[in-house]
Amino acid sequence: MVDMEKIESLEQLEDSNKELAKTIGLEAYKKLVQHYGGSYIYINKPDTVVRNERNEEICRKFNGSNYCQLATEYNLTENRIRSILKQKKEIL
């Protein structure tokens, strides 16, 4: 196994990896390489990461008839609000 501790600076990395290491930090980059090296990793978009929390918030704010208000507040269609509420109801 390769000793990642030998990597002490960004200059030791290939150019294609420097930006990632710069973004998340060298130590986090080394952990990422140790755990996922050679694998394909999909990184969700920020809105996908927070979607579940947003949907939970929509359900908490729903009062039985405020579809339009929630659609406007969350920049979604009324149909999407109804779909979110229906999915939540089906889970329960």
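Below, each value reflects all heavy atoms present in this structure, side chains not excepted, and no hydrogens, waters or symmetry copies.
- Side-chain contact between Leu85 and Tyr67 is present, with at least one heavy-atom pair separated by less than 4.5 Å.
- Following chains of ILVMFWY side-chain contacts shorter than 4.5 Å, one can reach Ile24 starting from Ile41, so the two form part of one hydrophobic cluster.
- In terms of modelled atom types and a separation under 3.5 Å, the side chain of Lys88 and the main chain of Cys59 share no donor-acceptor contact.
- For the atom pair Glu27 CD and Ile7 CD1, the distance stands at 11.0 Å (nearest 0.5 Å).
- Counting only residues at least two apart or in different chains, ring pair (Phe, Tyr, Trp, His ring centres under 6.0 Å) contacts with residues 11-31 are absent.
- Applying the salt bridge (Lys or Arg N to Asp or Glu O under 4.0 Å) definition to pairs two or more places apart or across chains, those involving residues 37-54 are Glu53-Arg60.
- The side-chain heavy atoms of Leu10 and Asn17, taken from C-beta on, include no pair separated by under 4.5 Å.
- More than 12 heavy atoms of other residues, nucleotides or ligands sit less than 6.0 Å from atom CG of Asn44.
- At least one side-chain heavy atom of Lys61 sits under 4.5 Å from a side-chain heavy atom of Tyr74.
- Of the N and O atoms on the side chains of Thr77 and Arg80, not one donor lies less than 3.5 Å from an acceptor on the other residue.
- Of all non-hydrogen atoms in Met4 and Gln34, the two that sit nearest each other are CG-OE1, 2.9 Å.
- Taken from CG in Asn55 to CD1 in Ile81, the straight-line distance is 8.0 Å, to the nearest 0.5 Å.
- Atom CZ of Arg82 and atom CD1 of Ile58 lie 13.5 Å apart (nearest 0.5 Å).
- For the residue pair Lys31 / Tyr36, no side-chain donor-acceptor distance below 3.5 Å is found, with atom types taken as modelled.
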Could you go through Ile84 and Leu76, starting from their C-alpha distance and side-chain angles, then the distance that decides it, and tell me whether this counts as side-chain contact (heavy atoms from CB on, under 4.5 Å)? CA-CA 11 Å; Ile84 290 167; Leu76 299 170; 4.0 Å; yes
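- Although no hydrogens or angles enter the test, the distance criterion places a donor-acceptor pair under 3.5 Å between the side chain of Thr72 and the main chain of Cys68.
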Pair Leu13, Leu20 - check side-chain contact (heavy atoms from CB on, under 4.5 Å), show working. CA-CA 10 Å; Leu13 302 176; Leu20 176 59; over 6 Å; no
If you apply the rule salt bridge (charged side-chain N to carboxylate O under 4.0 Å, His left out), what do you find for Glu14 with Lys18, and how did you get there? CA-CA 6 Å; Glu14 293 179 5; Lys18 283 182 184 176; over 6 Å; no
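- Remark: side-chain polar atoms of Asn63 are paired, donor with acceptor, to backbone N or O of Asn66 under 3.5 angstrom.
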